[in-house]
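Worksheet: the structure to be examined is printed underneath.
Order of the sequence lines fixes the chain letters, A, B, ..., with proteins taken first and strands second; residue numbering starts at 1 for each chain. Every value quoted in this text rests on a predicted model; they were computed, and no experiment measured them.
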Amino acid sequence: MKLDNSLPLEYRSEENSNRIFGFWLFLGAEIVLFSTLFAVYFTLWNRTGNGPTGKELFEIGPVLIETFVLLTSSFTIGLMINSMRQGLQKAAMVFLFVTLVLGLIFLGVEIFEFVTYVNEGATISTSAFMSSLFVLLGTHGAHVTLGLLWGAGIMLQIKREGFTLDTANKSFIFSLYWHFLDVVWIFIFSFVYLKGMM
Amino acid sequence: MKWDEFFVTGEPMIYGAMVSIVVVSLAIVIGLTYFKKWGYLWREWLTTVDHKRIGIMYIISALLMLFRGGVDGLLMRSQLAIPENGLLDAQHYNEIFTTHGVVMILFMAMPFIIGLMNVVVPLQIGARDVAFPRLNAVSFWLFFAGAMLFNLSFVIGGSPDAGWTAYFPLASNEFSPTVGMNYYSIAIQIAGIGTLMTGVNFIATILKMRAPGMTLMKMPMFTWSILITSVIILFAFPVLTVALALMMFDRLFGSQFFTMANGGMDMLWANLFWVWGHPEVYIVILPAFGIFSEVISTFSRKNLYGYASMVGSMVVISLLSFVVWAHHFYTMGHGAMVNGVFSITTMLIAVPTGVKIFNWLLTLHKGRIEFTTPMLYSLAFIPIFTIGGVTGVMLAMASADYQYHNTMFLVAHFHYVLIPGTVFAVLAGFYYWFPKLFGFRLNERQGKLAFWLIAVSFNVTFMPLFFLGLKGMTRRMYTYSADTGFGPLNLIATIGAFGLALGFILLVYNIYWSFRYAPRETSGDPWNARTLEWSTHSPIPDYNFAIVPTVTGRDPFWEHKKGGHQLYKGKYEEIHMPSNSGQPIILAGIFFLFGFSMVFSWWVPAIIAGIGIIVMMAVRSFERDHGYHIPVREIEETEARLRGEQA
């Protein structure tokens, strides 16, 4: 295997750099996916039928917690990659763990929010607005859930093997994914919640 | 649910289909057991990650689906042959035109093209495989699982019946109460994920794995067309993913996206569907342009005229393909301004397409033209496709479209672009690259006969539909009365359809005959062609190229043959190869079970299968498989053997 030692571990083999490139392409597709969901939401957001409007439904408290938690996790995953590049395995593990815990808190708050909506009588079948809200948030939440499982798997692998060509590559790709989810959340926060509450 | 609701009952033709499915499955199982081929099948095919074998499996599936969709077509034509015909009832006719459209576009045209690109692209760019061989196998098996799930609807639960466009509110639970449209939303979703992964894979392959010296503007035209197609796949398929998911939510979980009450918006579906659907048309047509470019250049013995403008026009077409979608529903009431804009963008597409037509004509100009079977398909394509294109411009004029919207005129138009475009192209590509894969040419005399049958019958079938449409016959009507006067032209079209069927049967016979009797090729380059894929042996060794070729021009092998350029420099080195894996087919099998459970809203099995999918992803994540290396000695032996056979 040809290795270019001037590059960081995650890019070093041809296979690794192809995988990162391929994942960027996949993120391109993910951007289209979320753009479509946003387009659907913007089309339907004031078609509330007999159900509640965003203004009646949204509360700033949980949303702010979600936002702070997820933004912080994006920072910690960055610290994890930074530690990885410096060869600090233990620090990297800690930062990855913190990231996952923050992700878990985010998910918990989101589920709590969904339960609140349903208890208030606003379910997925209440109105087109509620359908598009649940599916947009739910798709993001499902991505976070998958990310938690994926991140936990990577943590086990780092624990077992240390940072190798494989685990470094996986960690880096995971960090791209996690940052991407954060970017999507910024759009959700601004254009769903803030706009909805105005 | 009772058993008689589970299986489709009461239709003699469907009982026949059930019996034949059981008989064929039994025959396959017994045959494999009797000849002890299970191990061979598993090791060499079902677990393969080799792009050539995956390509062959795609093409075989596509040919099977061609016959499945073809039988649908014949049934429709038979029903319409005479007025007041009672062969099919309205419901059965609805199901058949729906599955005909879906099968032909998604499970025939797409896999045939993806099959050819799997076989050809890595060879054309001098690579040993695609960027992600394992993912490639996953793509194939997901497509296959989706296709099989969709076909299962025929005998279990009932086929989708709301048209391949599945417009709401018709496709909602209220108007399509059977599970048919559930099959539609879930089976296409599974196959679509596979296609999306193919798009990612081929962009990465083409951008990252080209042979040294092959700059972007030195790539063969087919590879260019696949690069652009893959980019369109990447940006169009997620829209389909969302549209199908929303449809599934509406049908299974009671959401209100496309409903008539509670704020739902049925037109949202039409928009989402066509935002994917129109680029999809170019996903199946641009590779066809690439194939024709290769074939026409090879058999004119000239390099392709206007290479840069060919690339430029494909890029322009791909951009325009995303801004024309509303022309599919001019009559659904968006105002004059919107119709005007989409009318203009649509007509603009004729410009780059026209550039390509002229480039092909100028490539032919003063060439030493050789009339082989692939060349015949390419030459027939130019005038027939032009008819399709010109009628397309007619349809693009919004105000005129009110006259022939959703009539047989439209049906004739899109068959006039898709058959000479896509079908002729994949057949040309099939005949052209077949000897590369199998080491012998398909018999030319039979091939040409099949070509003439197909080309003439095609026109007999679809030309009358233009006139029927202008006379006012709408699409999707299952019967008509004699005093409409539609009878005679419909009868002619039906006769043509059976001619087409005969042509395709002859084509299959051609393959069978050639496997048994055709003389084996010895050169690896039977057509005296120009690009890299012809410079390696036929059949192709696992590693494609013993030494990675060095490229300096657009027709590297041609330059090599003319003595101006040394393709293979250096000596043999160990070759790194990916190892086979059973995971892709197992994953796709679980996806199939997941989809099937979802169709019938069986939540417990669906959840179990869903967990199974995640487990399979984890298994892959924890796996450490770095493939294997072919030692130099083995390469020398293989090369000597392949050369020896050729001496």
Side-chain angles (χ1 to χ4, degrees), chain A residues 1-2 13-15 17-40 43-51 123-132 134-136 138-139 145-146 149-150 152-154 156-157 160-161 164-167 170 174, chain B residues 130-132 135 193 196-197 199-205 207-209 230-231 233-243 245-246 249-250 253-259 261-265 267-269 271-272 275-276 574 576 578 614-615 617-627 629:
Chain A
M1 204 180 333
K2 274 183 226 123
S13 70
E14 195 198 341
E15 213 178 343
S17 92
N18 281 356
R19 279 188 186 145
I20 292 171
F21 182 70
F23 198 78
W24 275 110
L25 294 175
F26 173 71
L27 286 183
E30 287 273 63
I31 289 172
V32 180
L33 183 111
F34 277 102
S35 309
T36 312
L37 286 172
F38 273 109
V40 169
T43 310
L44 300 176
W45 81 284
N46 55 9
R47 299 172 74 101
T48 50
N50 296 322
T123 67
I124 194 169
S125 45
T126 303
S127 66
F129 160 67
M130 284 314 295
S131 302
S132 61
F134 271 116
V135 170
L136 174 59
T139 307
T145 313
L146 196 75
L149 294 171
W150 185 11
I154 289 172
L156 281 175
Q157 293 172 31
R160 200 185 287 172
E161 302 166 27
T164 61
L165 280 174
D166 287 311
T167 50
K170 282 167 194 279
F174 175 73
Chain B
V130 293
F132 311 111
L135 188 68
I193 297 168
L196 182 61
M197 294 302 126
V200 170
N201 212 338
F202 276 82
I203 299 176
T205 305
L207 291 183
K208 300 280 270 185
M209 300 185 67
S230 303
V231 173
I233 289 177
L234 190 72
F235 288 112
F237 264 76
V239 181
L240 178 71
T241 306
V242 170
L246 302 188
F249 275 107
D250 261 17
F253 304 110
S255 62
Q256 307 282 349
F257 289 104
F258 310 126
T259 52
N262 298 318
M265 191 193 268
M267 280 308 292
L268 184 60
W269 165 266
N271 278 285
L272 289 176
V275 168
W276 161 78
E574 228 180 33
H576 180 217
I614 291 171
V615 168
M617 287 160 82
V619 168
R620 172 60 176 146
S621 177
F622 278 84
E623 183 190 14
R624 290 293 176 269
D625 180 357
H626 291 285
H629 288 85

Need one label for A:L44: side chain, backbone, both or neither, based on atoms under 4.5 Å from any heavy atom in chain B.
side chain
Please look at B:I233 and chain A and tell me whether the side chain, the backbone, both or neither of the residue comes under 4.5 angstrom of a heavy atom of that chain.
neither
Heavy-atom check, side chain of A:V32 versus side chain of B:F237, under 4.5 Å:
no
With salt bridge (charged side-chain N to carboxylate O under 4.0 Å, His left out) as the criterion, how do B:R624 and A:E161 come out once you've worked through the C-alpha distance, each side chain's angles and the decisive distance to 0.1 Å?
CA-CA 11 Å; B:R624 290 293 176 269; A:E161 302 166 27; 3.0 Å; yes
Residue part contacting chain B, namely of A:L149, when any heavy atom lies under 4.5 Å
side chain
Is it the backbone or the side chain of B:L272 that comes under 4.5 Å from a heavy atom of chain A, or both, or neither?
side chain
Side chain from CB out, backbone as N, CA, C, O: work out which of these in B:L135 comes under 4.5 Å of a heavy atom of chain A, or both, or neither.
neither
Checking B:F132 against chain A: side chain, backbone, both or neither under 4.5 Å from a heavy atom?
side chain
Which atoms of A:R160 are under 4.5 Å from chain B, going by heavy atoms: the side chain, the backbone, both sets, or neither?
side chain
Between A:S17 and chain B, with a heavy-atom cut-off of 4.5 Å, which part of the residue counts as in contact: side chain, backbone, both or neither?
both
Indicate whether the side chain of B:Q256 and that of A:S125 have a donor and an acceptor atom separated by less than 3.5 Å.
no
Identify which part of B:L234 has an atom lying under 4.5 Å from any heavy atom of chain A, answering side chain, backbone, both or neither.
both
Side chain, backbone, both or neither: which part of B:F235 has a heavy atom under 4.5 Å from chain A?
both
Of the backbone (N, CA, C, O) and the side chain (C-beta and beyond), which part of A:D166 lies under 4.5 Å from a heavy atom of chain B, both, or neither?
side chain
Taking A:R47 for its side chain and B:N262 for its backbone only, find out whether a donor-acceptor pair lies under 3.5 Å.
no
Minimum heavy-atom distance between A:N18 and B:A131, given as atom pair plus value:
ND2-CB, 4.3 Å
Has B:M267 got more than 12 heavy atoms of other residues, nucleotides or ligands less than 6.0 Å from its CE?
yes
In this structure, CG of A:L37 is separated from CG of B:L246 (nearest 0.5 Å) by 6.5 Å
Just by distance, do the side chain of A:K170 and the backbone of B:S621 share a donor-acceptor pair under 3.5 Å?
yes
Considering only heavy atoms and a distance below 4.5 Å, find which of A:L146, A:T126, A:I124 pairs most often with chain B.
A:I124
What are the two closest non-hydrogen atoms of A:G22 and B:V200, and how far apart are they?
O-CG1, 3.6 Å
Rounded to the nearest 0.5 Å, what's the gap from OG on A:S132 to CZ on B:F249? Could you check?
12.0 Å
Which atoms of A:F21 are under 4.5 Å from chain B, going by heavy atoms: the side chain, the backbone, both sets, or neither?
side chain
If you look at every heavy atom in A:A128 and B:G264, which pair is closest and at what distance?
CB-N, 3.7 Å
To the nearest 0.5 Å, tell me how far B:F622 CZ sits from A:I154 CD1.
9.0 Å
